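Single-structure report; data block below.
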Amino acid sequence: MTYTKIMRREIADLVREGLQAAQAAGALDVFDIPKEIPVTPSRHEAHGDYGSPVCMGLARVLHRAPIQIAEALAPHIPAVEYISGIEAAPPGFINFTLDEGWLAQQAPVILEMGEAWGNLDVGAGERVQVEFVSANPTGPLTIGSARNAVLGDAMAAVLAAAGYAVEREYYVNDHGSKARKLGYSIYMRYLSLLDAPPPSFEEEKYPGEYVTAMAQELVDASGRRFVEMDPEQAIREFSAWGIERVLAGVEKDLARMRIHFDTWRHERDFYQGDPSLYEQMMARLREDGYIVDKEGAVWFSHPDLDQDAVLVRSAEVIPNPEDRPTYLMSDVCYLWDKLVVRDFDSAIYIWGADHHGDVPRVKAAAKALGIDPARVELILYQLVTLRRGDQEVRMSKSSGEFVTLRELIDEVGPDPIRFMMLTRTADVTLDFDLDLAVEESDRNPVYYVQYAHTRIAGVLRHAAERGWDPDVIGDPALLTHPSELDLIRKMLALPEIIDVAAEHRAPHHLTAYARELAALFHIFYHNCRIVSSDPADADLSHARLMLARAAKTVLARVLHLMGMDAPETM
RNA sequence: GCCCCCGUGGCGCAAUUAGGACAGCGCACCUGGCUUCGAACCAGGGGGUUGCAGGUUCGAGUCCUGCCGGGGGUACCA
């Protein structure tokens with residue numbers, strides 16, 4: 001397998017070698033060379049392609065002006081084919097310029113690698129689990145879950161590209177009170193549809209049409225069969241059936257978003273077996289002194305926490321034993337399941353910011369279990385506000401009033417949802433405008449990127465019609481136009497973007513990159529005629545067709561990393 | 001009260017390996033560009049003391065403190 005090089009890191013290595021050489025030659029005093037050499041892409045053309053501010057930091061150590069250090073260092077940086085210029089620049093930067101001839105040669109290299117372009121080995125095969133969505137299976141997915149889904153899936157894709165062995169997992173909360181609540185809700189609707197008398201007890205119900213729909217389905221399939229059944233028995237059956245029913249819908253909706261899970265882990269499993277994982281964990285925590293019994297409940301107590309947290313509710317408050325363990329108790333089991341039993345190197349959780357208060361508890365639980373808390377990564381995203389134009393749409397599952405993911409997919413399709421949900425960092429609240437998402441205009445950025453891809457496809461079709469052989473690899477040395485080179489520079493940056501996005505767990509970088517790449521293709525297209533009708537330009541046309549094909553592959557790669565379609569026509 | 005996130009041109013957001021050289025992009029607004037490859041595109045223009053006040057640093061949108069404003073959390077709910 002071929003991996004892509006990250007230019008930034010290559011250049012950092014050059015600087016390191018330069019520092020060593022300069023020391024050896026006596027041009028610089030001997031000092032400990034920093035482990036991390038900073039190198040950043042330049043923001044201004046005059047500064048070349050990459051720059052390093054190392055010398056600024058060394059000024060203090062060496063008691064010399066940064067620019068003097070830079071000037072002493074520059075001549076000792078080894079010459080390599082891909083760098084044409086190394087320059088010390090005030091106040092003390094070292095600037096690197098990529099060689100344009102070498103740059104042009106990268107076009108066929110990228111084309112050759114195809115969608116493997118951008119693959120890295122920084123993950124070194126480390127096993128990472130990304131657990132996301134994990135919405136309670138008590139109703140259809142909402143738009144809030146869509147952000148979770150999009151973020152988690154893109155995160156997984158980016159990590160896989162960076163060389164991690166990634167598994168996508170959905171955690172099914174199918175144990176305890178909410179499962180029963182769903183069963184009870186369906187049961188009550190079922191009875192009322194058949195005009196049968198309700199049971200003597202009354203509990204909380206989920207409102208919402210989907211409950212009625214499921215009850216109707218049972219009526220159609222089974223008639224009055226459950227009317228005579230013992231209510232407790234019926235509720236149990238309705239609950240199990242309902243959860244499966246909802247999950248099937250969830251899976252289908254997510255599939256339409258092009259999201260597929262490797263595993264579906266059921267909370268219920270933690271409470272089965274003899275002894276169950278739940279019993280094992282409880283015994284373990286108790287033995288290690290993390291359990292406090294008080295007020296009839298069982299509490300988790302840890303020095304990192306300001307206050308104890310309930311693991312098992314008291315029988316006085318919750319009569320049904322199955323409903324007594326809290327979600328924190330399940331989280332404890334799940335930690336063990338992920339990081340000990342299945343032994344992932346790390347577990348990434350994608351959570352809504354409304355759960356941020358749980359972070360310290362889960363971290364403390366990991367510690368209590370002897371798991372390095374650094375292996376547990378909680379990624380929080382701020383919530384989604386939904387609006388139609390300037391009118392806010394309030395959502396809540398308990399009120400039964402919400403916009404489902406399915407409705408949204410029906411309205412706009414998966415691509416705008418994926419792109420728009422990914423454009424912002426997880427740290428900011430997201431305003432999702434239903435009107436805008438539907439709008440097929442240039443206010444809607446998703447089309448800009450996809451259009452670049454279809455535009456290339458259109459050019460290639462045009463070329464084929466004119467009899468151009470699509471497989472001819474033109475001479476890259478003919479690619480000398482600034483628009484051509486800028487496009488190649490941007491394609492060359494994909495590995496860095498994947499590196500950054502993976503390391504910082506920030507897949508939103510992909511959207512910005514996709515727009516930039518698309519923009520540079522559009523500029524190239526505008527400035528450089530690709531398929532020329534003048535026979536004298538045949539060689540150049542071949543070279544540009546190659547460049548266009550390379551750009552098409554990279555665009556497709558980025559779109560696919562974001563889980564989007566790379567269409568041939570629009 | 002305490003905890004978390006955010007505050008960047010009219011609006012929506014970026015800003016890179018967690019501090020680097022002149023803060024970018026889209027929308028909106030104004031102007032120009034299709035008789036050869038897809039104008040869902042391109043080019044140009046106006047618009048900013050990065051919420052406020054301090055601090056650390058050679059250097060701060062980025063780090064620290066305080067304040068102001070918005071959102072979320074603070075259950076024997078999940």
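Keep in mind that this is a model prediction, so the values were computed, not measured. Order of the sequence lines sets the chain letters (A, B, ...), proteins ahead of strands, with each chain counted from 1.
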Exercise for the section: Would you mind classifying the nucleic acid contact of E568(A) as base, sugar-phosphate or nothing, using non-hydrogen atoms under 4.0 angstrom? Expected result: base
Handout entry: Complement of rU74(B), any strand, by Watson-Crick or G-U distances under 3.5 angstrom
Key = rG1(B)
Exercise for the section: Could you work out the separation of rU16(B) and rG61(B) based on their P atoms and round it to a whole Å? Expected result: 12 Å
Handout entry: Selected nucleotide, minimal atom distance to A89(A) side chain, candidates rU17(B), rA21(B), rC76(B)
Key = rA21(B)
Practice task
Using the C1' atoms only, state how far rG9(B) lies from rG47(B), rounded to an integer number of Å.
Solution key: 6 Å
Exercise for the section: Send over the distance from N527(A) CG to rC41(B) P, rounded to a whole Å. Expected result: 16 Å
Practice task
Please state whether the phosphate of rC13(B), meaning OP1 or OP2, lies under 4.0 angstrom from any side-chain nitrogen or oxygen of R424(A).
Solution key: yes
Exercise for the section: Please figure out whether A512(A) or D323(A) has its closest RNA chain B nucleotide nearer the 5' end. Expected result: A512(A)
Problem - OP1 or OP2 of rA15(B) under 4.0 Å from side-chain N/O of H508(A) - result: yes
Practice task
Answer yes or no: is there an ion pair linking R489(A) with D49(A), defined by an N-O contact shorter than 4.0 Å?
Solution key: yes
Exercise for the section: Just call it for Q450(A): base, sugar-phosphate, or nothing, with non-hydrogen atoms closer than 4.0 Å on any strand. Expected result: nothing
Handout entry: rU62(B) and rG20(B), which share atom name P, separated by this distance in whole Å
Key = 11 Å
Handout entry: R60(A) side-chain N/O to rC58(B) phosphate OP1/OP2 under 4.0 Å
Key = yes
Exercise for the section: Check the angle between the aromatic planes of W468(A) and H542(A) and answer parallel, tilted or perpendicular using the 30° and 60° thresholds. Expected result: perpendicular
Problem - Base partner of rU62(B), which must satisfy Watson-Crick or wobble distances under 3.5 Å - result: none
Exercise for the section: Measure the CD1-OG distance between I318(A) and S177(A) for me, rounded to the nearest 0.5 Å. Expected result: 7.0 Å
Handout entry: Minimum-distance nucleotide to S42(A) side chain [options: rG26(B), rC37(B), rA21(B)]
Key = rA21(B)
Practice task
Examine rA14(B): is either OP1 or OP2 under 4.0 Å from a nitrogen or oxygen in the side chain of T425(A)? Give yes or no.
Solution key: yes
Exercise for the section: For N95(A), report the nucleic acid contact type (base, sugar-phosphate, nothing); a contact means any heavy atom under 4.0 Å. Expected result: base
Completion exercise
Pairing partner of rG47(B), by Watson-Crick or G-U wobble and under 3.5 Å for both distances, is none
Practice task
Anything under 30° is parallel, anything over 60° is perpendicular, the rest tilted; go ahead and classify W264(A) against Y170(A).
Solution key: parallel
Exercise for the section: Return the orientation label for the Y171(A) and Y334(A) ring planes: parallel under 30°, perpendicular over 60°, tilted otherwise. Expected result: parallel
Problem - C1'-based separation of rG51(B) from rG69(B) [nearest Å] - result: 8 Å
Practice task
Could you walk me through whether Y271(A) and Y278(A) pass the ring-ring contact (aromatic ring centres under 6.0 Å, His included) test, one step at a time?
Solution key: CA-CA 6 Å; Y271(A) 297 88; Y278(A) 158 57; 5.0 Å; yes
Problem - Rounded interatomic separation in angstrom, taking CD from E36(A) and P from rG19(B) - result: 12 Å
Exercise for the section: Could you tell me whether C528(A) contacts a base, only the sugar-phosphate backbone, or nothing, with contacts defined as non-hydrogen atoms closer than 4.0 Å? Expected result: base
Problem - Whole-Å C1' distance, rA14(B) and rG55(B) - result: 27 Å
Handout entry: Sugar-phosphate only, base, or nothing, as touched by D306(A) at under 4.0 Å among non-hydrogen atoms
Key = nothing
Handout entry: P atoms of rA21(B) and rA60(B), separation to the nearest Å
Key = 10 Å
Exercise for the section: Tell me what I530(A) touches on the nucleic acid: a base, only sugar-phosphate, or nothing, going by heavy atoms under 4.0 Å. Expected result: base
Exercise for the section: Quote, to the nearest angstrom, the P distance that separates rG73(B) from rG26(B). Expected result: 36 Å
Handout entry: Phosphate-side-chain proximity, R43(A) and rA21(B), N/O vs OP1/OP2 below 4.0 Å
Key = yes
Exercise for the section: Measure the distance between the ring centre of H356(A) and the centre of the six-membered base ring of rG73(B), then answer whether it is under 5.5 Å with planes under 30°. Expected result: no
Fill in the blank from the handout: Comparing nearest nucleotides in RNA chain B, the 5'-proximal residue of the pair D354(A), Y448(A) is Y448(A)
Practice task
For rG19(B) versus rA15(B), give the span between their C1' atoms, rounded off to a whole number of Å.
Solution key: 13 Å
